[in-house]
Amino acid sequence: MSEERSLNFLEEIVEENIAAGVNGGAVLTRFPPEPNGYLHIGHAKSICLNFGLAKKYNGKTNLRFDDTNPTKEDIEYVDSIKEDVKWLGFDWANEFYASDYFDKLYELAVELIKNNLAYVDDSTAEEIAAQKGTPTEPGTPNQYRSRSVEENLQLFADMKAGKYSDGAKVLRAKVDLASPNMHLRDPLMYRIKHAHHHRTGDAWCIYPMYDFAHGQSDAIEHITHSVCTLEFVPHRPLYDWFIEQLELFPSKQYEFARLNLNYTVMSKRKLLQLVEEKHVEGWDDPRMPTISGLRRRGYTPASIREFCDRIGVAKRENMIDVGLLEFCIREDLNKTAWRRMAVLDPIKCILTNYPEGETEIMHGENNPEVEDGDGSREFPFSRELWIEREDFMEIPPKKFFRLGVGLMVRLKNAYIIRCNDFVKDADGNVTEIHCTYLPESKSGNDTSGINVKGTIHWVSVPHAKTAEVRLYDRLFQVENPQHEEGDFKDYLNPNSLQVIHTAYIEPDLANATPGKAIQFMRKGYFTLDKYSTQDKLVFNRTVTLKDGWVKK
RNA sequence: UGCCUGAUAGUAUAAUGGUAGUACGACGGUUUUUGGUACCGUUUGUCUAGGUUCGAAUCCUGGUCGGGCAACCA
């Protein structure tokens, strides 16, 4: 806990409420996803907020599925959402579904009809839209608005009984057709949908709308602080209206600005499109901003929570730089990831003065950030090594602390070598580098007295294992694809995935497991892909290391 | 141009009438067997015009700019 950290506006509201004794000082929040897609980093902000607020003030949080539209929802999404929330590290007090309340909601609707505050309307969707007027012109009542309570009661019962086809009738709240707030112009409460629901099956053919389900569900559960995003601000008067008319538990709605991350999209509709049109592998493609994508990419729950904490909460529209997310994962992984060596773009380096056929065992600590190195591992050294192609230059510029003819570097956890020569093929590509090693410079008992600026990673040729390595870059080429002209998909980054089919890795890496982060020294943080096999290891790059080396 | 809502360094976020601060970024340096990490330093800001006040990022008025609202979606 950082001392003297100032409160965000939601915490201020909660503290004021507690001080004033509202609801006896209780704090009960909820996280209310619709099970129509996978959770993304924006949901993580909401999850951290709702669970965090409750935890801070000794309250609880319910997980409630807002499952009032059976045609878009599926049990697959329910399962993934539960998995993701748990993975993020949160436990809900209760698992509820808006569909649990269908009977109760029906009763409440009947109550409104009895109080002459709701009516059955036979108009088509188009007619209703036209009769609602425009933002500058008031709506006009139709003939159905004045139906008697008895008739409405009967018609609504008939709607429930399945006497009408989809779209034939709706139930509307009788609020104010002239309201400057469009949401108050007799909003729909129920529509007819002869559709199978993933939980209630075929028990219902009428389903409540968001505005007549969400607030009522909050009230039924005695949610004290119903936290949602800014686009629901205009719904709040209606949220309050229903609760007042029905004299329910006084849940209150508060709104914050949703998370926007640059170089990606966050709307479920757009993410669904990317999946369906195969621009990505699936919801858990490591380039996706989904929780499952981030998990597969190698992000940790702690790093995502830290990110949500750092971005703060306010009511102002924001665009967070993805660099902050990357900072959070680097910060976490630097302290936990074991260091290993892997050569992604190999070139052969031959130590001409090292005996052929000889092998030495070298040692390296798992993580220098941890006391005693978090243990160590062994790896073989020999005459022929794979090194990174970019660690050699034919004509090295000033301050190039790597290899070039006449230059010396330290091989990590091994010897200092000097580059003497190199071999080119017919096309002018460098194919081999010839070096000599300094026998007295071995790591651990270096008596050479020589200091070199650069240290490079390497893997012994005869001992190396191979793996496929996937390098990910931002999904889009522009900061805000949604804001650009035309189709957002026109702005996809064609190089968001680079596959390296054969990278050479040190033998110990055969023991990698998905979710366990590894730092390929000098290259970045990686994790084994969830679909990797023993026969073909696949590593995903979570994030690069910060690179302070600027080429000129 | 009806209603709602917001505006503080490049990006976020504090300061709640009393010294505009913090983080990320960028730039420079020290340390380093990762050009990583760590540490140190530098950098840049109150949308605008008035008003109230000893004093305004904060309160008031006008303007400007951004976001949202007219789904039988949530």
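Here is the naming used below: chain letters follow the sequence lines, and residue numbers restart at 1 for every chain. Quick note: numbers below take in every heavy atom, side chains included, and nothing from hydrogens, waters or symmetry partners.
- Each of Gln482(A) and Ile128(A) was assigned the nucleotide of RNA chain B with the nearest heavy atom; the assignment lying further toward the 5' end belongs to Gln482(A).
- Leu230(A) places its CG atom 10 Å from the P atom of U5(B), with the value rounded to the nearest Å.
- Under the rule for a ring pair (Phe, Tyr, Trp, His ring centres under 6.0 Å), Tyr525(A) has no partner lying at least two apart in sequence or in another chain.
- Counting non-hydrogen atoms under 4.0 angstrom, Tyr190(A) reaches nothing in the nucleic acid.
- Comment: Asp122(A) engages Lys169(A) in a salt bridge, judged by a side-chain N to carboxylate O separation of less than 4.0 angstrom.
- Computed from coordinates, the Met189(A) CE to A74(B) C1' distance equals 17 Å when rounded to whole Å.
- For Trp283(A), the ring pair (Phe, Tyr, Trp, His ring centres under 6.0 Å) partners are Tyr38(A), not counting sequence neighbours.
- From His214(A), atom NE2 reaches atom CD of Glu34(A) across 11.5 Å, with rounding to the nearest 0.5 Å.
- The aromatic rings of Trp204(A) and Tyr106(A) are tilted relative to each other, their planes meeting at an angle between 30° and 60°.
- Within 4.0 Å (heavy atoms only), Ser123(A) reaches at least one base atom of the nucleic acid.
- Between Lys72(A) atom NZ and C72(B) atom P there is a gap of 12 Å when expressed in whole angstrom units.
- When the C1' atom is compared between U19(B) and G36(B), the two are found 38 Å apart, to the nearest whole Å.
- Put simply, CZ on Phe9(A) is 13 Å from P on A15(B), counting in whole angstrom units.
- When distances run from any side-chain atom of Ala314(A) to the nucleotides A74(B), U13(B), A71(B), the shortest one goes to U13(B).
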With sugar-phosphate taken as primed atoms, P, OP1 and OP2 and all else as base, the protein-contact string of nucleotides 33-42 of chain B at under 4.0 Å (heavy atoms; B, S, -) is BBBBS-----
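- Inspection of the Asp186(A) and Tyr119(A) side chains reveals an N or O donor paired with an N or O acceptor under 3.5 Å.
- To the nearest angstrom, C1' of A74(B) lies 15 Å from OH of Tyr77(A).
- Remark: Tyr254(A) pairs with His225(A) by the ring pair (Phe, Tyr, Trp, His ring centres under 6.0 Å) rule, at least two apart or across chains.
- For the P atom pair drawn from U11(B) and C47(B), the interatomic distance equals 13 Å after rounding to whole Å.
- Comparing the C1' positions of G10(B) and U52(B) gives an interatomic distance of 35 Å, to the nearest angstrom.
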Restricting to nitrogen or oxygen on both sides, can you table the protein-nucleotides 18-22 of chain B pairs closer than 3.5 Å?
none

Under the rule of Watson-Crick or G-U wobble with both distances under 3.5 Å, where | means paired to another strand and [ ] a crossing pair, RNA chain B maps to .((((((..((((....[..))))((((((.......))))))...(((((..]....))))))))))).....
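- One can place CZ of Phe212(A) at 17 Å from P of C72(B), the figure rounded to the nearest angstrom.
- Computed from coordinates, the His235(A) NE2 to C73(B) P distance equals 13 Å when rounded to whole Å.
- Between Arg522(A) and Asp547(A) there is no salt bridge, since no side-chain N of the basic residue sits under 4.0 Å from a carboxylate O of the acidic one.
- Rounded to a whole angstrom, the distance from the P atom of U22(B) to that of C40(B) is 13 Å.
- Among residues two or more places apart in sequence or in another chain, the ring pair (Phe, Tyr, Trp, His ring centres under 6.0 Å) test is passed with Tyr299(A) by none.
- We find that Arg191(A) and Asp166(A) are not joined by a salt bridge, their nearest charged nitrogen and carboxylate oxygen being 4.0 Å or further apart.
- For C54(B) and G41(B), the C1' atoms lie 38 Å apart once the distance is rounded to whole Å.
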Return the polar atom pairs (N/O with N/O) between nucleotides 8-11 of chain B and the protein under 3.5 Å, or none.
| residue | atom | partner | partner atom | Å |
| --- | --- | --- | --- | --- |
| U8(B) | OP2 | Arg316(A) | NE | 3.1 |
| U8(B) | OP2 | Arg316(A) | NH1 | 2.1 |
| U11(B) | O3' | Met319(A) | O | 2.9 |
| U11(B) | O2' | Met319(A) | O | 3.0 |

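- Checked against side chain to side chain donor-acceptor pair (under 3.5 Å), Tyr101(A) has the following partners two or more places apart in sequence or in another chain: Glu221(A).
- Residues of residues 171-185 of chain A that place a heavy atom closer than 4.0 Å to RNA chain B, in numerical order, are Pro180(A), Met182(A), His183(A).
- Asp121(A) pairs in a side-chain hydrogen bond (donor to acceptor under 3.5 Å, both in side chains) with only one of the listed residues (Arg172(A), Arg147(A), Arg145(A)), which is Arg172(A).
- Note on ring orientation: taking the six-membered ring where Trp is involved, the planes of Tyr504(A) and Trp386(A) are parallel (angle under 30°, cut-offs 30° and 60°).
- Between G2(B) and U8(B), the two C1' atoms lie 31 Å apart (nearest whole Å).
- Look at the P atom in both C3(B) and U61(B): the space between them is 15 Å, to the nearest Å.
- Judged by distance alone, the side chain of Arg377(A) and the main-chain N or O of Glu365(A) form a donor-acceptor pair under 3.5 Å.
- Cation-pi check for Arg199(A) over Tyr97(A) is met; the charged atom lies under 6.0 angstrom from the ring centroid and within 45 degrees of its normal.
- Spacing between atom NZ of Lys315(A) and atom C1' of C4(B) amounts to 11 Å, rounded to whole angstrom units.
- Within the nucleic acid shown, Ile311(A) comes within 4.0 Å of sugar-phosphate atoms alone, with no base atom in reach, counting heavy atoms only.
- Closest to the His483(A) side chain, of the nucleotides G67(B), A74(B), C73(B), is G67(B).
- For Glu126(A), the side chain to side chain donor-acceptor pair (under 3.5 Å) partners at least two apart in sequence or on another chain are Thr124(A).
- Note on Val170(A): a base of the nucleic acid sits closer than 4.0 angstrom, heavy atoms only.
- Using atom C1' as the reference point in both U1(B) and U64(B), the two lie 15 Å apart (nearest Å).
- Nearest heavy-atom pair across Thr542(A) and Thr527(A) is OG1-N, 4.2 Å.
- Under the rule for a side chain to side chain donor-acceptor pair (under 3.5 Å), Thr264(A) has no partner lying at least two apart in sequence or in another chain.
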